[in-house]
Each structure stands twice: as C-alpha cells, then as structure tokens.
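Heads up, the thing below is written out as structure tokens.
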Amino acid sequence: MRRPGLAVALVLSLSATAGCGARLNDDQLRAATQRSTTGGAAPGLAGAAGDVAAGDAGGDATQPAASADAGAPAAASPAGPQSGAPGGGGGPVATAVPIDAGTSGPCRPSGGATDKGVSDTEVQIGNVATISGPVPGLGQTMVNGTKAYVAYVNAKGGVCGRKLKLVTGDDRLDTGANRSETARLKDQVFAFVGSWSVVDDGGATVLDGTNIPDVTLALSDRRSGLANNFSPNPIKPNAGTNGVVKMMQYFKATYGVTKAGIVWPAQSTAKAKAMSYVNDMKAAGLQVVAQSEVAVTQTDYNGVATQLKNAGAELVITALETTGMARLAQACNQQNYHPKVPYWGAQAYGQKFLQQAGSSANGTLIGVTYAIPEDAARTPSVATMAQWYARANPGAELDFFAIVGWAATDMFVKALTAAGAQPTRDKVLGALRGYHDFDADGVLAPHTDPAGKNPSPCFAVLGVEGGKWKRVAPASGFIC
C-alpha cells in the first residue's frame with residue numbers, strides 16, 4: 001500500500017530549490033501523496049472552492065492600510081526586526097505604496113464584455129489548486145499570494161477601472177478533478193492565475209490549444225510545455241540545472257568545500273531529484289562522498305549523520321521534507337558534526353524549520369531566487385507584498401509558494417494593463433510573450449524568462465543565525 005508522505009519532499013524540492021530549473025516528469029508528479037507543510041489557510045478557502053472579490057481579503061482589503069495616506073507617498077518603517085512581520089523569522093515591513101484611482105485617463109473601461117470573464121466592472125480570474133483531499137492545504141499559500149495581490153490591485157481601483165475577481169477550484173490532489181475544475185472555469189474566467197498543483201497535467205489537457213492565458217506555476221511536462229503557460233518560476237522541458245551548478249560553485253569558492261553528501265527518502269521521485277543534485281554537484285567540481293537513502297517515515301537520523309561525518313562531507317543537501325531536514329540537523333548537532341555548508345534544502349526557508357530544528361538550525365545556508373520579507377526595507381515591492389499578504393491572510397506564513405502566487409498575479413496584471421481598456425485574451429497573450437526578463441519589481445531574481453520558459457540564473461544566499469533567517473550574500477539583490 002502506498003503511504004502518504006511524499007509530496008513535500010518532491011514538491012518543495014521541485015519548486016523551492018533555488019528555482020533553477022528543478023523539475024519532475026509527469027509520472028513522478030503523479031506519485032506525490034505527502035501531507036503539506038504549508039499552513040495558514042485563508043479565510044473562506046480551506047477545503048472548498050469559491051470566489052474571492054474585493055471585499056473578501058482580510059478585513060477591509062479594498063481600502064489602503066490605516067498607516068498609509070492614500071494621497072501621499074508612504075513612509076518606510078525603521079529598519080530592524082518587527083515581531084509582527086510575516087514570513088520566515090520576521091523582518092522590517094514598510095507601509096504600502098501610494099494607492100491610485102486606476103479609473104481615469106485613457107484606461108477608463110470601454111467596450112463592456114470584451115472577452116469571456118470580462119464585464120464593464122470586473123475581470124474574473126481562475127485558480128485551481130489542492131485545498132482538500134489527502135494533502136489538505138498543499139496549494140493554499142499559493143492561493144493566498146494570489147488573493148493578496150487581488151486585494152492590493154483592487155484597492156488601487158483595479159485595472160482600467162475593472163476590479164479583479166478570483167474564482168477558485170479545488171482539485172483534491174486528483175488529476176481528474178484538476179481537469180474537471182479547469183474545464184468548469186475555462187468559459188467563466190478570463191485567465192488562470194496563480195494556480196499550482198502536482199496534478200496540473202489534468203488541467204493542461206483542457207488548456208492545450210486554447211488562447212486562455214495560464215499564468216501559473218506549472219510543474220508537469222504537459223503544463224509547462226503549453227504555449228499559453230507563463231510561469232514566474234519557469235521549468236523548461238528537458239532543461240539542465242545550470243543555476244544550481246552556479247550556486248554550488250559559489251559555495252565551493254566561498255566556503256572552501258570540496259566534498260558533498262546528499263540524503264533522500266526512499267521514493268522514486270525523490271531519488272530522481274537527488275540524482276540530479278549529484279550531477280549538479282559534480283558539474284560544479286564537488287566530489288560526492290556520501291549518498292544516503294532513508295525511509296519515508298524515518299525519525300532517527302543519527303546513523304545518517306555518522307555516515308556523512310565519517311565521509312567528510314563538507315556540504316550537505318537533501319530531498320527531504322521540512323521535518324526530515326530538521327531531524328537531520330539535530331542529529332548532526334548531536335554527533336558534533338558541523339558541515340561547512342549545511343544546505344539542507346531551499347525548502348527549509350520559513351518558520352517551521354526554525355521551530356522544529358531549534359538551535360540546530362543555526363548555521364544553515366541556502367540559496368533562493370526570490371526576495372523575502374526580511375528584504376522589505378530594501379525593496380518597496382517586497383514590503384507591499386508582505387503587508388497585503390498579512391491583510392488578506394491573517395496569521396498565514398509567507399513562504400515560497402505565496403511569493404510565487406503574488407508574482408504570477410503581478411505578471412498577469414501587467415499584461416492585462418498593457419491590453420488596455422478593451423482587453424482580450426489574445427492581447428494579454430501578446431503582452432506575456434514579451435516577458436523575457438521579469439522580476440515582479442524585485443520580488444523575483446532578475447533574468448527570469450517566462451516567455452522563453454527559462455529560470456533565472458541568479459540567486460541569493462540566506463542563513464540562520466540566532467534562530468532567525470538573515471541575508472548572507474549579496475548585501476542586496478542577487479548574485480548573477
């Protein structure tokens with residue numbers, strides 16, 4: 001009997017591992033069944049499909065935050081940690097950017113219903129994700145990020161005077177349900193925005209050959225290969241992982257590591273991912289001295305820590321889910337083994353790893369291709385994202401998937417704005433085809449190429465010190 005306990009090891013490893021072309025094939029994606037580690041269900045969305053309009057996003061989300069003056073630039077908050085900041089470990093959060101009316105000038109609504117999902121007052125966008133089923137909440141934070149941007153843009157008056165309305169579907173981690181939910185929405189909504197699911201190949205069969213914009217985090221070969229799919233974290237079919245190689249070369253040059261070890265759970269998908277890491281590390285000039293497969297339900301990692309220590313592994317990376325990474329970190333600490341680069345996995349970013357690993361999390365080093373709430377003081381768009389995410393989703397953690405949901409919606413809104421007062425799907429697709437260097441105003445690493453389906457070659461290094469995430473390198477921006 002197949003056990004639940006696989007999705008996070010492969011899904012987070014797939015999408016969050018530096019965002020550099022990591023990918024799975026369709027058969028591997030269908031094997032995903034592990035319970036999600038992403039928490040914080042948005043009000044009104046947990047376990048059910050529904051609509052999210054302007055007033056549904058956490059309090060009065062259609063109005064600017066109380067600390068922001070709608071008619072003047074907002075002042076940034078002082079630098080330094082703030083306990084109320086969302087995301088991994090807390091960080092400075094500035095007040096929102098100025099709110100504009102969005103209905104004046106040449107972009108005033110005209111033409112009424114210019115395409116499916118468009119009226120003279122709103123544009124409906126669809127989102128199909130895994131909300132319930134065997135892995136409840138797996139796609140929730142991605143929905144949360146999309147919902148936050150909808151609230152943000154509606155507070156500015158919408159796009160050319162039309163408010164966005166988010167209509168959600170729940171695939172329950174079932175390929176057939178993903179297909180049927182996508183089919184149910186395709187003639188109701190103008191576009192699909194911010195969706196992600198490990199069974200997104202179901203919806204791909206519905207969208208293939210259509211002109212429906214699909215601005216989503218595509219995971220399967222079939223979905224990412226659609227001509228109308230534009231992902232903020234592109235996965236190019238049959239692409240290499242040059243970005244990961246560059247990252248490993250950075251750790252080799254900066255920290256003097258020459259030997260590496262890797263750990264993965266006993267599951268074919270996770271093993272395939274681990275083997276891709278082995279190839280990346282070898283390409284970076286590292287010697288892989290330890291390869292360890294553990295049970296999916298492994299709880300005792302002392303033997304693994306001993307193996308890594310005896311082999312002299314100076315960099316350790318895994319394809320484990322967050323709990324496994326935390327237990328391995330604790331076991332290494334108990335064995336008095338401290339690798340130079342304890343890169344447990346980029347999916348470690350967030351509060352859960354810090355809480356589970358405790359003091360053993362200190363010293364962790366990971367690479368990411370997106371900005372984090374701790375960067376809010378440096379990047380106004382990140383401050384805006386953090387603030388609106390908290391308003392729209394009180395108490396929810398702002399993780400990788402939430403950030404990608406925000407970035408996907410930002411990409412769609414920019415293309416919709418470019419389409420003008422009489423938007424059509426074809427006009428939006430035309431705008432999206434021009435996005436070869438998209439960074440969501442600094443939320444994503446530069447040189448992300450949604451139109452060409454090429455991931456960014458750039459990354460930033462994060463670390464844990466004193467139980468908190470911090471930026472290690474560069475001081476701002478990304479290493480390219």
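Since this is a predicted model, take the numbers as computed values, not measurements.
With sequence neighbours left out, Thr216 forms a side-chain hydrogen bond (donor to acceptor under 3.5 Å, both in side chains) with Asp214, Asn229. For Ala419, the side-chain contact (heavy atoms from CB on, under 4.5 Å) partners at least two apart in sequence or on another chain are Pro423, Lys427, Val428. For the side-chain hydrogen bond (donor to acceptor under 3.5 Å, both in side chains) test, no residue two or more places apart in sequence or in another chain qualifies with Thr417. Scanning for side-chain hydrogen bond (donor to acceptor under 3.5 Å, both in side chains) contacts around Asp449 gives His436, Asn454, with sequence neighbours left out. Residues that satisfy the side-chain contact (heavy atoms from CB on, under 4.5 Å) test with Gln249, not counting sequence neighbours, are Val245, Lys246, Ala284. By the salt bridge (Lys or Arg N to Asp or Glu O under 4.0 Å) test, Arg179 pairs with no residue at all, sequence neighbours left out. Checked against side-chain hydrogen bond (donor to acceptor under 3.5 Å, both in side chains), Thr130 has the following partners two or more places apart in sequence or in another chain: Asp171, Ser197. Take Tyr149 and apply the ring pair (Phe, Tyr, Trp, His ring centres under 6.0 Å) test, not counting sequence neighbours, and it matches Tyr152, Trp406. Partners of Asp426 under the side-chain contact (heavy atoms from CB on, under 4.5 Å) rule, at least two apart in sequence or in another chain, are Asn211, Thr424, Leu429. For Ala204, the side-chain contact (heavy atoms from CB on, under 4.5 Å) partners are Arg222, Arg223, Leu226, not counting sequence neighbours.
Thr379 and Ser381 are not linked by any side-chain donor-acceptor pair at a separation below 3.5 angstrom, with hydrogens and angles left out of the test. Between the side chains of Thr323 and Gln356, at least one donor N or O lies within less than 3.5 Å of an accepting N or O. Inspection of the Thr168 and Asn127 side chains reveals no N or O donor paired with an N or O acceptor under 3.5 Å.
Of the possible donor and acceptor atoms, one in the side chain of Tyr435 sits under 3.5 Å from a partner among the backbone N and O of Ala415. Looking at Glu397, its side chain does come within 3.5 Å of a backbone N or O of Gln351 through a donor-acceptor pair. For Thr364 (side chain) and Ala361 (main-chain N/O), a donor-acceptor pair under 3.5 Å exists by modelled atom type. Remark: the backbone N or O of Tyr250 is not paired with any side-chain donor or acceptor of Tyr255 at under 3.5 angstrom.
Between Thr210 and Lys186, the closest side-chain pair of non-hydrogen atoms is not below 4.5 Å. No side-chain heavy atom of Phe190 sits less than 4.5 Å from a side-chain heavy atom of Lys116. At a threshold of 4.5 Å between non-hydrogen side-chain atoms, the residues Lys453 and Ser231 do not count as touching.
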Next item on the list: Take Ile317 and Met281 through the side chain to side chain contact (heavy atoms under 4.5 Å, CB included) test and state the conclusion after the steps.
Entry: CA-CA 10 Å; Ile317 192 168; Met281 291 188 289; 4.1 Å; yes
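Heavy atoms only, all atoms of each residue included: Val143 and Ala129 are closest at CG2-CB, 3.8 Å. For the residue pair Val189 and Ile125, the shortest heavy atom distance occurs at CG1-C, 3.8 Å. Val215 and Ala408 get closest at one heavy-atom pair: CG1-O, 3.3 Å.
The one candidate from Asn393, Asp399, Thr146 that meets the side chain to side chain donor-acceptor pair (under 3.5 Å) condition with Thr141 is Asp399. A ring-ring contact (aromatic ring centres under 6.0 Å, His included) with Tyr349 is found for exactly one of Trp469, Phe400, Trp344, namely Trp469. Screening Thr175, Asp200, Asp201 against Ser220 for a side chain to side chain donor-acceptor pair (under 3.5 Å) leaves a single residue, Asp200.
Aromatic ring centroids of Phe412 and Phe230 lie 6.0 Å or more apart.
Pairs of residues two or more places apart, or lying in two chains, that qualify as salt bridge (charged side-chain N to carboxylate O under 4.0 Å, His left out) and include a residue from residues 403-414 are Asp410-Lys414, Lys414-Asp441. Residue pairs that meet the side-chain hydrogen bond (donor to acceptor under 3.5 Å, both in side chains) test with at least one member in residues 470-480, sequence neighbours left out, are Asp375-Arg471, Glu465-Lys470.
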